[in-house]
Amino acid sequence: MSSRKIRVRFAPSPTGPLHMGGVRTALYNYLFAKKQGGDFILRIEDTDQNRFVKGAEEYIIESLKWCGIEPNEGIGFGNGPHAPYRQSERKELYRKHVEELIAKGKAYYAFDSAEDLDIIRKQWEAEKKTFAYDSSTRLNMKNSLTLDALKVKDLISSGASYVVRLLVPENEEIHVQDIIRGEVNVNSSLIDDKVLFKSDGMPTYHLANVVDDYLMQITHVIRGEEWLPSAPLHVLLYRSFGWESVMPQFAHLPLLLKPEGNGKLSKRDGDRLGFPVFPLEWKDPESGEVSSGYREKGYYPEAFINMLALLGWHASGDKELFTMEELIQDFTLERVHKAGAKFDPEKAKWFNEHYLRLKSDKVLAAHLKKIAADEFGLKGDDHRLKDEFLLNAVRLLKERVQFEHEMAEKGVYLFMAPADYDRPLIEKKWKPTHGGFFQALLNSLSGMSGFSAAEVESVFKETAAAQGVKPGEVLQLLRVFVSGQGGGVDLFGMLSLLGKEEVLERLEKAMSTAVSV
RNA sequence: GGCCCGUUCGUCUAGGGGUUAGGACACGUCCCUUUCACGGAUGAAACGCGGGUUCGAUUCCCGCACGGGCUACCA
């Protein structure tokens with residue numbers, strides 16, 4: 001075997017927005033391929049026309065782009081040698097292959113209608129048995145095994161609706177070698193005669209998946225654990241086609257679980273859990289319902305990716321912060337954990353905080369400028385939209401936010417005078433004797449020529465000393481008078497940024513409205 | 001129900017026959033800071049249960065329990 005070039009695929013079906021579990025599967029495929037210098041392809045598995053959702057395909061492509069997980073072949077990323085990459089456009093291929101299987105006696109036509117099967121299932125259920133279309137029942141059904149050849153030909157040419165089923169051999173041990181889980185053994189008698197080809201002329205996932213992986217020379221199938229139960233069936237299919245020697249290796253990833261409660265994370269979880277499950281915001285074309293996305297919530301793609309990478313995988317050391325390049329370097333399937341992972345929204349925030357700190361003040365200032373314009377309505381040549389002001393504001397705020405938009409929430413008072421004050425705090429701290437101090441402070445501040453943080457601080461202290469007031473007594477009052485709040489950015493840095501005029505104005509206003517001297 | 005997979009602090013995980021069972025997030029305390037945050041230090045916090053195997057099991061094996069997945073002409 002194998003001097004074959006590594007080729008992996010991410011094969012979502014466009015039934016809605018891709019959720020974070022899907023993104024992680026794409027990521028692991030991508031990391032694995034890049035590490036080995038292989039190819040990563042995007043294939044759209046749209047064989048179920050009933051579940052097609054408009055915009056889903058575009059959503060998948062945009063999500064991968066935002067995350068920096070770029071396929072080198074496939075829909076949306078330039079076609080490669082195996083186009084088309086949309087299964088609905090490969091119909092004839094599957095028909096051809098399924099006919100080959102029938103000719104080899106590995107598959108057969110079945111004419112039982114969905115309604116017939118439904119009735120049988122219900123009957124069995126009533127007897128507390130589970131019906132399976134398999135070696136024990138197939139000879140009682142309406143198919144090319146029980147009908148004579150002429151009749152079959154007749155039915156087909158008369159346009160009767162039919163499906164094609166795999167003729168699963170009886171009592172054969174099937175071994176699936178999984179990179180993450182080791183060997184999984186299943187007896188073929190437990191597998192039913194799965195439908196390979198539907199009556200609407202489309203293949204099922206099982207057929208399309210195997211045919212395409214073979215045709216596209218996929219070497220490794222890396223997918224979610226929900227596929228593990230059907231992996232033996234896929235092995236059987238490779239065997240039936242005679243492709244076992246080039247069968248891809250399997251790696252079934254642990255599932256992403258809901259943070260609280262049980263079950264795998266699903267698209268339906270939407271925002272119910274208080275955090276996004278989708279990379280990008282999604283508006284359902286039918287209901288108009290909007291689900292939030294990591295991007296719109298202010299997460300950086302690098303934080304999102306880093307967080308996702310560590311959900312089910314861990315490097316050999318204690319390192320937790322990885323760039324995409326570093327992930328590619330360190331990633332191995334062998335180090336993927338076996339158990340499902342609940343993810344912690346708090347840790348996701350921490351990752352974002354980390355990446356925010358890494359941004360330059362300049363980049364952050366540009367975003368803050370936009371926020372100031374959009375949210376505070378500043379415009380034109382307002383000095384607060386100037387680089388110098390913005391850069392200083394960023395320096396004051398950077399260490400205390402996890403998201404860029406928090407700079408607006410935590411820094412309002414840098415841009416706007418307080419509309420009101422933390423009254424309870426003032427009542428607690430204020431003593432009538434402080435009136436003299438603040439009058440004196442007003443005086444000495446207005447006499448200043450420079451207004452640096454250090455200068456303001458020493459003037460503040462000198463004034464306090466001269467008035468016989470302990471700085472600590474009036475410090476927080478000063479803060480509330482200027483910002484309205486009892487906590488926040490570095491006080492003297494804030495005063496310096498605001499500038500003399502603004503500070504005096506705010507102080508005077510506070511003295512006349514917030515306290516009775 | 002049947003089949004398959006899994007189980008280390010609250011969460012993500014490292015580890016693996018003999019360890020003080022390690023790290024990160026979150027949480028507590030302290031230091032720094034005349035605020036808050038950052039930073040630093042520190043603390044509490046885990047091998048599901050029962051049998052084996054073994055001088056010794058959290059680690060290997062078997063049961064059980066629990067959790068999850070699959071069980072469609074869905075992927």
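To find a chain, count down the sequence lines: A is the first, B the second, and so on, and within it residues start at 1. This structure is a prediction, so every number in the text was calculated from the model and none was measured.
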Quiz item: Looking only at atom C1', what distance separates B:C5 and B:G39, rounded to whole Å?
Solution: 44 Å
Practice problem: Write down the distance separating the C1' atoms in B:G52 and B:G67, rounded off to the nearest Å. | Solution: 25 Å
Quiz item: With both distances under 3.5 angstrom, what nucleotide forms a Watson-Crick or G-U wobble pair with B:C38?
Solution: none
Quiz item: Which whole number of Å gives the distance between the C1' atom of B:G50 and that of B:A57?
Solution: 14 Å
Quiz item: Whole Å only: how far is the CG atom of A:L233 from the C1' atom of B:C74?
Solution: 14 Å
Within the sub-3.5 Å range, which N or O atoms of nucleotides 12-14 of chain B have a protein N or O partner, and how far apart are they?
residue : atom : partner : partner atom : Å
B:C12   : OP1  : A:K342  : N            : 3.0
B:C12   : O2'  : A:L310  : O            : 2.9
B:U13   : OP1  : A:G312  : N            : 2.5
B:U13   : O2'  : A:H314  : NE2          : 3.1
B:A14   : OP2  : A:H337  : NE2          : 3.0
B:A14   : O3'  : A:R335  : NH2          : 3.3

Quiz item: Is a side-chain N or O of A:Y28 found less than 3.5 angstrom from the main chain of A:A309, in a donor-acceptor match?
Solution: yes
Quiz item: Atom CG of A:L196 to atom P of B:A72: distance rounded to whole Å?
Solution: 15 Å
Quiz item: In terms of side-chain geometry, is the basic nitrogen of A:E473 or A:K470 positioned less than 4.0 Å from the acidic oxygen of its partner?
Solution: no
Quiz item: If you look at every strand shown and take non-hydrogen atoms under 4.0 Å, does A:N187 touch a base, only sugar-phosphate, or nothing?
Solution: nothing
Exercise. Could you tell me whether A:E225 and A:K338 have a side-chain N and a carboxylate O separated by less than 4.0 Å?
Key: no
Quiz prompt | Span that lies between the P atom of B:C70 and that of B:A37, in whole angstrom | solution = 44 Å
Quiz item: Using atom C1' of each nucleotide, how far apart are B:G48 and B:A65 to the nearest Å?
Solution: 8 Å
Quiz item: Given the C1' atoms of B:U58 and B:A14, what is the spacing between them in whole Å?
Solution: 14 Å
Quiz item: In terms of heavy-atom contacts, does NZ of A:K319 have more than 12 from other residues, nucleotides or ligands at under 6.0 Å?
Solution: yes
Self-check item: Span that lies between the C1' atom of B:A46 and that of B:G23, in whole angstrom
Solution: 14 Å
Self-check item: Distance-only donor-acceptor test, A:R51 side-chain atoms vs B:C74 base atoms, 3.5 Å
Solution: yes
Quiz item: Can you check whether A:A11's main-chain N or O pairs, donor with acceptor, with A:R43's side chain at less than 3.5 Å?
Solution: no
Practice problem: Scan A:D112 against the nucleic acid and name what it touches under 4.0 Å (heavy atoms): base, sugar-phosphate only, or nothing. | Solution: base
